Amino acid sequence: MYALVDCNNFYVSCERMFNPGLEGKPVIVLSNNDGCAISRSDEAKALGIEMGAVPHLISEKVDISQLKIFSSNYTLYGDMSDRVMKLLSEFVPRMEIYSIDEAFLDMSCMPFVNLEALAVKIKATIKQCCGIPVCVGIGPTKALAKVANRFAKKTNKAYGVYCAADKASIDFMLKQTPIGDIWNIGHQYELLLRRNGIFTGSDFVHVSEDFVRNNMTVQGLRLQMELKGTPCFEWEFEQEARKVICVSRSFGALTSDKAIMAEALSNFAAACALKLRRQQSAARELRIFINTNPHRPQDKQCFKSIVLQLDTASNSTPELIKYALKALDIIFKDGCRYMKCGIEARNLVAENNIQFNIFTAGVTAKKKKLLSVLDKVNDGMGKELVRYGIQGFTRTYKARAAKLSPCYTTRFEHIIKAND
DNA sequence: TCTGGGGTCCTAGGACCC
DNA sequence: TCTGGGGTCCTAGGACCC
C-alpha cells in the first residue's frame, strides 16, 4: 500500500506559518521573476485566480488591495520542506520524496495498522509541528494514492484523508474523478480522451489497452495498469543522479549589454558547477543558450544555443565559466534585447570516472582540492562568499522579487522578534 | 510594465554499420 | 510493379510532472 502526503497550497502555507495575519485571506505566491501565480490560497482560488495567472491581469479582475502577494522564497520553502519530510520519515520504514511538497510513504509492511487512522495522525502531527496543512491519499499503487489524495482535497479537505484500499472505494473515487485530474494526464491527453468519450477515471480504466497503447505510448498503458491496481511505477527511495543539470533565469529587465549577459552566465555556470559537484558528476557536454522575449513580437527575436564538447569532463567552476563565455562570444548578437540565458550540463559522468588525457591528468587533483576548499568556505557561510571576478557584484540582471518575505528559518537576522 | 524553472520519459526518423 | 534486413546510436520534438 502507498500513501501520498501532499502539502496544501504549500508555498502559501509556508508564508502563512510565519505571518498568521494571512489566515483566511486570499494569498498568492509568484514564480521566479514575479511572472505568474504558482501557489494560491483557497480564498484566492475562490476569487477566480487561475494557476499561472499574470499579476497585471489579476489586477484587472480582482481588488488587488485585498490580495496578499509574495515573490517566491525558495530558501524558506526548501527549509520547511526538509522539516516536513523529516517528520514524515518517522512514521514509516521507507519513503520517497517526490517533490518539494509531496512524498510517497511505504505502507506495505504494516498489516495490523489501521492505515486511515495512521494517515489522520500524520496529518495532525505535520500541522502541529510544522504548521503546514496536508492531505493524505492511500491506495494500492502510486497512481491510485495520487488520485485518492486529490479526492481527499476536493471532497473533504478538513478531514484531508481518503483511503482507496478496496475495490468499492476505488470505483467510487474513479467515477468522480475527471479525466484531466489524473496524474500523468496533461492537457493534450485530456483533449484526446474527451474527444473519444472518456470523461472520468472510471471511463479510462475501461478503455481497450490497444487504444491506450496506440495513443498514449507505454507510459499511458502503465498508468492504466496502475489505476486498475497493478503497480507499474517503481519506488525510487534513493535520489538518482540527475542526467541533465540546467541553470537558467529570466532577467529582471531586458538587456542588450553583453557584459551583463557575461556576468549572468558566469553566475549560472558557477551554480551549475556546484550542482554537479554536489552529485559527484562531471559534464562532457555543455549547452549554452540565450533568448529574447518571445512575447514581444515587435522586437527582433533571437533564440540561440550552442553545444560545446569538453576536452575532459568537468565540474570545475572556472572551467565551466570559461566555456560559457566562449559560447557567449559565438552566439551573442548585437542589437537584440535578451530576456533570459542559461547553461545546461549534459552527458554526465561520475566524477571519479573521468577519462583524462595526457595534458590534464596531473593538474586536476590540485584544482579539485581548491574547489573543495571553496565549497567548504561558502557552505560554512550559508551564502556564496568566495567568487570569481567575472561573476561580478552588480547583479543588474537579477530577477524581480519585489515582495520577498524574510528567510525566517535560515538567517539569524530574519528571525521573528517577539514583542515584550 | 507584462507570461517560471527544472526536470523525466518516449518515439520517430536519419545516419551509419555489416 | 518488385531496390535487403537487422541492428545501434543520436537528435529533435512532444508529452508529462511539480
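Numbers restart at 1 for each chain; the letters A, B, ... are given by sequence-line order, proteins then strands. All values derive from a computational prediction rather than experimental measurement.
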Inset, instruction - Give the ring-plane orientation class for A:Tyr408 versus A:Phe18, where under 30° counts as parallel, over 60° as perpendicular and anything between as tilted. - result: parallel
Inset, instruction - Please name all residues satisfying side-chain contact (heavy atoms from CB on, under 4.5 Å) with A:Leu254, sequence neighbours left out, ordered by chain then number. - result: A:Asn293, A:Arg296, A:Asp299, A:Arg337, A:Met339
Legend entry - Identified salt bridge (charged side-chain N to carboxylate O under 4.0 Å, His left out) partner of A:Glu102 from the options A:Lys142, A:Arg150, A:Lys146: A:Lys146
Legend entry - Residues from residues 220-244 of chain A lying under 4.0 Å of DNA chain B - heavy atoms: A:Arg222, A:Arg242, A:Lys243, A:Val244
Inset, instruction - Assess whether side-chain contact (heavy atoms from CB on, under 4.5 Å) is satisfied between A:Leu191 and A:Arg194, documenting all intermediate values. - result: CA-CA 5 Å; A:Leu191 293 179; A:Arg194 286 184 171 278; 5.5 Å; no
Legend entry - 5′-ward residue of the pair A:Tyr74/A:Thr217 relative to DNA chain B: A:Tyr74
Inset, instruction - Assess whether side-chain contact (heavy atoms from CB on, under 4.5 Å) is satisfied between A:Ile390 and A:Glu263, documenting all intermediate values. - result: CA-CA 6 Å; A:Ile390 182 75; A:Glu263 185 182 324; 6.0 Å; no
Inset, instruction - Spell out, as yes or no, whether a donor-acceptor pair under 3.5 Å connects the side chain of A:Glu344 to the backbone of A:Arg287. - result: no
Legend entry - Basic-acidic side-chain contact under 4.0 Å: A:Lys157, A:Asp42: yes
Inset, instruction - Supply the atom-to-atom distance A:Leu227 CG to A:Ile185 CD1, rounded to the nearest 0.5 angstrom. - result: 7.5 Å
Legend entry - Pair A:Phe303 and A:Tyr338, ring centroids less than 6.0 Å apart: no
Legend entry - Basic-acidic side-chain contact under 4.0 Å: A:Lys258, A:Asp334: no
Legend entry - Geometric class of the A:Tyr74/A:Tyr77 ring pair [parallel <30°, tilted 30-60°, perpendicular >60°]: perpendicular
Inset, instruction - Give one of base, sugar-phosphate or nothing for A:Arg213, where a contact means two heavy atoms less than 4.0 Å apart. - result: sugar-phosphate
Legend entry - A:Ser169 OG to A:Leu144 CG distance, which is reported to the nearest 0.5 Å: 9.5 Å
Legend entry - Along DNA chain C, first and last positions that approach a heavy atom of chain A under 4.0 Å: C:dA15 to C:dC18
Legend entry - Test: A:Lys167 and A:Asp171 ion pair at under 4.0 Å: yes
Inset, instruction - Please state the P separation for the pair B:dC2 and C:dC18 - nearest whole angstrom. - result: 30 Å
Inset, instruction - Check each residue of residues 28-37 of chain A for a non-hydrogen atom within less than 4.0 Å of any atom in DNA chain B, then write out the ones that pass by number, or none. - result: A:Ser31, A:Asn32, A:Gly35
Inset, instruction - For DNA chain C, list all stems, counting runs of three or more consecutive pairs where every pair is Watson-Crick or G-U wobble with both distances under 3.5 Å. - result: B:5-18 with C:5-18
Legend entry - Electrostatic pair A:Glu209-A:Lys228, nearest N-O below 4.0 angstrom: yes
Inset, instruction - Decide, yes or no, whether a salt bridge links A:Arg277 with A:Asp375 under the criterion of side-chain N to carboxylate O below 4.0 Å. - result: yes
Legend entry - DNA chain B contacts among residues 245-257 of chain A, heavy-atom distance under 4.0 Å: A:Ile245, A:Cys246, A:Val247, A:Ser248, A:Arg249, A:Ser250
